[in-house]
Amino acid sequence: MPEALLAERPVPASAAPLLSVDDLEGWYGESHVLHGVGFDVKPGEVVTLLGRNGAGKTTTLRAIIGILGRRRGSVTVKGVEAIAMPSRLIARLGVGYVPEERGIFASLTVAENLTLPPQVKPGGLTLKQIYELFPNLEERAGSQGTKLSGGEQQMLAIGRILRTGAKLLLLDEPTEGLAPVIVEQIGRTLRMLKTEGFTILLVEQNFRFAQTVADRHVVIEQGRVIDTIPNADLDANLGKLKTYLGV
Amino acid sequence: MVDIASGSAAPARIPATGGASRDAAALHRAIFIGLAALLVVAPFALYPVFLMKVMCFALFAVAFNLLLGYGGLLSFGHAAYFGMASYAAAYAAKVWGFTPELAILLGTFVGGLLGLVFGALAIRRQGIYFSMITLALAQMAFFFCLQAPFTGGEDGIQGVPRGKLFGLIDLSDDRALYVFVAIVFLGALALVYRIIHSPFGQALKAIRDNEPRAISLGYRASQYKLAVFVLSASLAGLAGATKAFVFQLATLTDVHWSMSGEVVLMTLVGGMGTIFGPLVGALVTVTMQNYLAQFGAWVTIIQGVVFVVCVLLFRQGVVGLIAKFIRKPL
Amino acid sequence: MISKARLLAGAAMLGLAAQDAPAAAQVSGDTIKIGLITDMSGMYADADGSGGAEAVRMAIEDFGGEVAGNKIEFVVADHQNKADIGAARVREWIDRDGVDMVIAGPNSSVGLAVAKIAADKKKPFIAIGSTSSRLTNEECTPFTIHYAYDTVSLSKGTGAAVVADGGKSWFFLTADYVFGASIEKDTRAVIAAKGGTVAGSIKHPLGASDFSSFLLQAQGSGADVLALANAGADTINAIKAADEFGVGQSMKLVAMNMYLTDVHALGLQVAKGLYMTDGWYWDLNDETRAWGKKFFDRTNKMPTLLQVADYSAVRTYLEAVKATGADDGETIVARMKATPVNDVFVKDGVIRPDGRMVHDMYLMQVKTPEESKYPWDYYKLVKVIPGEDAATSKAESRCTLWTNATQ
Amino acid sequence: MATLFGVPLQALSGQLLLGLINGSFYAILSLGLAVIFGLLNIINFAHGAQYMMGAFVAWMLLNYAGVGYWPALLIAPVFVGLSGVLLERVLIARLYKLDHLYGLLLTFGVALIVQGLFRNHFGASGLPYAIPAELSGGHRLPFMFLPTYRGWVVVASLAVCLATWLAIEKTKLGAYLRAATENPALVQAFGVNVPLLLTLTYGFGVALAGFAGVLAAPVLSVNPNMGADIIIVVFAVVVIGGMGSILGAIVTGFGLGVVEGLVKVFYPEGSATVIFVIMALVLLVKPAGLFGRTA
């Protein structure tokens, strides 16, 4: 792994938020799913959205990136109001998105999948760097995207947004359905990305995993933020969290 | 889409509550009576043959709408049932000397039978594939009509005798025929209304809105679909057979795919999934064809513009729009 | 909706400077009203269409817009090639608008439907563009006059003339519908009678855009003559392909039903050498040239057979009204049948008891580009086909009006 | 002489070749339709009218501007494509969130308008368009006389199909198109201007129709109705190939041309209907079409 990738960069504690979500409402067709979600993510922070199935975590991510049918409220990225923007312009603010189910394109090869998202900001990883990060992808560059294993697909989904120069990453359940060893590898990658200065908003069901990467946990229930727990306090709040999550 | 809160979404399409539907039923009864009254007065203001044509096409559109609006099945081949029934009735009346009511019954039966065969094949597929199968089968029916000697090719079956209803009432008088067509039309409309509001109709709507769920509730979706298909084809046949008596002819136009397109237009203009929409749609379309005929080559252009405008601005159709406005199903 | 419909109808009528007669107006009145129902938007719109309407207007103008003290009115409608639309329109014209005579352009199904209605209502009906010979056979009525041509005149005359001209062995490329089949059948009979043979035939679907396959099969038959028993775009596409595949080098191409406008559409380079039967040509003599020019000045096209026949038919009808001072169907038709037609369209044309107007037809050959000296100079006259040779005989007729008559 | 069901094999080879030539038109037209359907989910009923426009634009270029066949082969598709871009921007773009049905109805209406306008202006019997001098004449093959132009039609159409296929399968733009066909929202969320992609794709699909029109002008009647007759058949080709499948459209286009050619020998009356018989059978046996991915 290149040295540059590993260089430590401290997070300024009181920096202005990179992503700010305020009173966000969202709909799927006629059904009102988000009822005023609000939280901030500071530059260099890793924040997870925790919550039960159907609480509105994925919807929150979709609302931020702008692919939800109808949304209202405020989403600012680097101080720019994005609520009325089409998603392609939100992406151009430097936001990278890894959707639920990874969104690998079956009709594209691995290499094509990897190079598909256009550069939105300067300073993205090169293809070489990505292949160094995920060597499996290089080996299978010519095969159909969806022929990869689940773990490889997840690496592909993360790898392809690292190329774009986006510094704010929205990851939707990157560990879902993966073997523990792969989950561990994803965890290492995320920690590495954090040290690289990436800001990450993560949707997770698995708070044990979230604990290994996140700075803060935002708990969502029925389309609202009901609690925010710093990672350091997680163990202390374990009982409360288990109630939230129903585990 | 694990994350979608599904709780609040689903019940949106459940039929209105008791009070509202009683309200709507009263309104519908009033419209029926109004319609019947209108049909009594109309021939004094408008040309009866034109009105009969409107009724035949309205019935055709109602039949089509039963399938599309309530069954959720878009057929691109409804001309087949309409046209074949028209041929059957015309042939029976002209060559075998059937009385009008028997010839029309035969036509209806032919439409239904064809619908049974085509429907059984088509309902095995969904969405656009369903539509394409109906189109393909209708093209074959067209080919059959073109080849079969009894249809008279492009000349059609001409000079069909209007005959005597039940061997008693002479239909060659436009007024007598008008009354007969009006009764057939209102009767069929009432029948369709009953079907839509019967448990069968409710089941259909459930299947239309969410087939997997309806199946999980124990409905045999494919049987319902086939049944509504056959009903729709039979009614289309009734319309086609009646038309053969109004114009005393049956021609290839009635089985051609553009006729299948026309009925889609009528339903769309009027408002699909509404009971009275197809009537308005048929009225508008037939009026355009008849009265724009003087504009010569502009007919198709104006029709095209109506299509485009409807799709862009009035997707619910004229009646759908009114229904939305008065907040009652029509 | 109803008021909108009426409004539209009213606007349409205004556009044609004709008034929607109130329902009460009855036939007699003080106007003579002529209705032309034709194809104004489909494949025959050029052969008749608005040009046909213009021709009718020219005939009315010849009479100064008046006949026997009655004002002449004219309405026209597009039947969109649908028999029910044509039938509904004509019924309404007669029942409500007081139309006294109906004239119909192409499309046999419309023609047959209108013939029935006109007979029911006892109004003269003049079929111009319908080709079906049923109009004057099985479906003949006392009120139908078949004026321009039919499948018999296209086949009988052409068959005999081409065989006499040396085309002994024939191959048919026939549109797969009644029109094509009846032309083929009638022509076969003539060919057999004149000592020719038929090497084969193919039925092609209506609107088959590509004809190369059929032409190749025709070429393979070794016949001398390739007869195209089809119409409109089918004929044009077949001729184009024949030119491309060099069919003309080994076979004589005969188009059984073609209009001047079709030749114009093909261009002489492609159409050259083609044989075809026409009932009229603008460049036959000084009289036709004069009328053709007059028509051209108004429409920018030379008239076709159908258009001149529209003109002639309306004139003939108006002459009958003038002569009799009547407007009831029986009197008018009787007068028309009793009086030979002599005008720019035909000389000594006779309307027989079965309603068929018997007149000469012309076997034409299309000129080469070198032979063509001026615009619309397209035909060489090969042979005049006498009217009697181009019509059913009384022995062949299936019109009981005629066969049962004593004359 | 060797025969098959009474038809000499030589003649049969000729018919197969002719079928392939006709298939060329089906292939280009269905390719355009498939590209449009794949990405836009619009069943472009105006395709036939746009094919007709291609032929007419070529005619107008020749007769009004003295521009010959070869430049027209490029200019006419561009022009038709631009008209498509306009149509997409102004009308079709409003329908993306709705059912297929509306797109079909809208484009059907557009087709009626376009055909009606051309008929009003140019009449219904068609206009002549000569085969370019370079391609007139023909070659005597062992089994038939092949007009040079027909040979060119196959070559041109194969080239265009191949180029289109390569552009879609092998280029970056093609990758966007394929990806957006699968999941437009995600591609848009990556910062790609998907609406623009939709517009360009529609323009391109329509330009293909225009190209087919120019190709057809010298061999068929340049007639306002020329597209109305072919559109239903081309639909069937797309459905048989698998809606939205590029390869399916190309292969099925040529293949059905050949099948139709054979039917023209054995049962000519049925040649217009055979494609629908095949469509019904294919849909019943293999619902997604021969090359379709999912039903």
Side-chain angles (χ1 to χ4, degrees), chain B residues 68 72-74 76-77 118 120-147 256-258 260-262 264-265 267-269 272 292 295-316, chain D residues 37 41 43 45-46 49 87 90-92 94-95 98-121 123-124 224 228 231-233 235-236 238-240 243 269-270 272-285 287-289 292 295:
Chain B
L68 174 63
L73 300 168
L74 171 61
F76 281 153
F118 285 7
L121 291 169
I123 56 157
R124 297 162 61 175
R125 297 290 169 252
Q126 281 166 351
I128 193 77
Y129 298 100
F130 169 88
S131 308
M132 284 294 164
I133 292 187
T134 56
L135 171 67
L137 294 171
Q139 289 292 102
M140 290 179 217
F142 177 79
F143 183 65
F144 170 79
C145 292
L146 189 66
Q147 295 293 324
H256 193 253
W257 64 265
S258 54
S260 300
E262 246 165 57
V264 181
L265 172 68
T267 309
L268 179 85
V269 169
M272 65 172 151
L292 293 183
F295 288 110
W298 286 93
V299 179
T300 48
I301 299 177
I302 296 170
Q303 277 181 338
V305 171
V306 170
F307 249 109
V308 170
V309 170
C310 273
V311 171
L312 290 178
L313 303 177
F314 309 113
R315 271 188 292 278
Q316 300 120 320
Chain D
F37 180 80
N41 259 319
I43 300 169
F45 218 109
L87 176 65
V90 177
L91 298 179
I92 296 176
R94 296 161 196 270
L95 301 176
L98 304 169
D99 195 273
H100 299 323
L101 171 66
Y102 294 107
L104 189 146
L105 292 172
L106 179 92
T107 50
F108 181 61
V110 170
L112 287 182
I113 296 171
V114 171
Q115 279 160 3
L117 288 174
F118 274 82
R119 202 160 40 216
N120 270 6
H121 199 264
I231 181 73
I232 292 268
V233 176
F235 259 2
V238 174
V239 172
I240 294 168
M243 308 268 297
E269 300 97 304
T273 311
V274 64
I275 286 184
F276 296 99
V277 176
I278 296 176
M279 174 161 90
L281 290 177
V282 166
L283 285 181
L284 290 172
V285 176

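The contact between Phe45(D) and chain B is made entirely by side chain atoms (from C-beta outward), counting heavy-atom distances below 4.5 Å. In this structure, the portions of Ile133(B) lying under 4.5 Å from any heavy atom of chain D include both its backbone and its side chain. Neither the backbone nor the side chain of Ala111(D) comes within contact range of chain B; no heavy atom of the residue lies under 4.5 Å from a heavy atom of that chain. Only the side chain of Gln147(B) comes within contact range of chain D, with at least one heavy atom under 4.5 Å from a heavy atom of that chain. Neither the backbone nor the side chain of Ile278(D) comes within contact range of chain B, judged by heavy atoms closer than 4.5 Å. For Val264(B), the part lying under 4.5 angstrom from a heavy atom of chain D is the side chain only. Looking at Leu121(B), the atoms closer than 4.5 Å to chain D (heavy atoms on both sides) sit in the backbone and in the side chain alike. In this structure, chain D has a heavy atom under 4.5 Å from the side chain of Phe76(B), while its backbone stays farther away. Heavy atoms closer than 4.5 Å to chain B are found nowhere in Ala236(D), neither backbone nor side chain.
Per-residue counts of heavy-atom pairs under 4.5 Å with chain D were compared for Leu265(B), Leu268(B), Thr134(B), Leu137(B); the largest is that of Leu268(B). Annotation: maximal heavy-atom pairing with chain B below 4.5 Å, among Leu98(D), Val110(D), Ile275(D), occurs at Leu98(D). With chain B as partner, the option from Val239(D), Ile232(D), Val282(D) having the largest number of non-hydrogen pairs under 4.5 angstrom is Ile232(D).
Here CD1 of Ile301(B) is found 4.0 Å from CG of Leu117(D). Values are rounded to the nearest 0.5 Å. Between atom CD1 of residue Ile43(D) and atom OG of residue Ser131(B) there is a gap of 7.5 Å, rounded to the nearest 0.5 Å. Once rounded to the nearest 0.5 Å, the distance linking CG of Leu146(B) with OG1 of Thr273(D) reads 8.0 Å. Rounding to the nearest 0.5 angstrom, the gap separating the CZ atom in Phe307(B) from the CG atom in Leu104(D) is 8.5 Å.
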Let me see the working for Gln139(B) and Val233(D) under side-chain contact (heavy atoms from CB on, under 4.5 Å), right down to the final yes or no.
CA-CA 11 Å; Gln139(B) 289 292 102; Val233(D) 176; over 6 Å; no

Could you give me the CA-CA distance, side-chain angles and deciding distance for Gln115(D) and Thr300(B), then say whether side-chain contact (heavy atoms from CB on, under 4.5 Å) is met?
CA-CA 8 Å; Gln115(D) 279 160 3; Thr300(B) 48; over 6 Å; no

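Considering all non-hydrogen atoms of both residues, Val277(D) and Met140(B) come closest at CA-CE, 3.3 Å. Between Ala136(B) and Phe276(D), the shortest heavy-atom contact is CB-O, 3.4 Å. Considering all non-hydrogen atoms of both residues, Leu284(D) and Arg125(B) come closest at O-NH2, 2.7 Å. In terms of heavy-atom proximity, Tyr129(B) sits nearest to Met243(D) at OH-CG, 3.5 Å.
Paired with Val308(B) under the rule side-chain contact (heavy atoms from CB on, under 4.5 Å), one option of Leu112(D), Leu91(D), Leu105(D), Thr107(D) passes, and it is Leu91(D).
Side-chain contact between Arg315(B) and Leu95(D) is present, with at least one heavy-atom pair separated by less than 4.5 Å.
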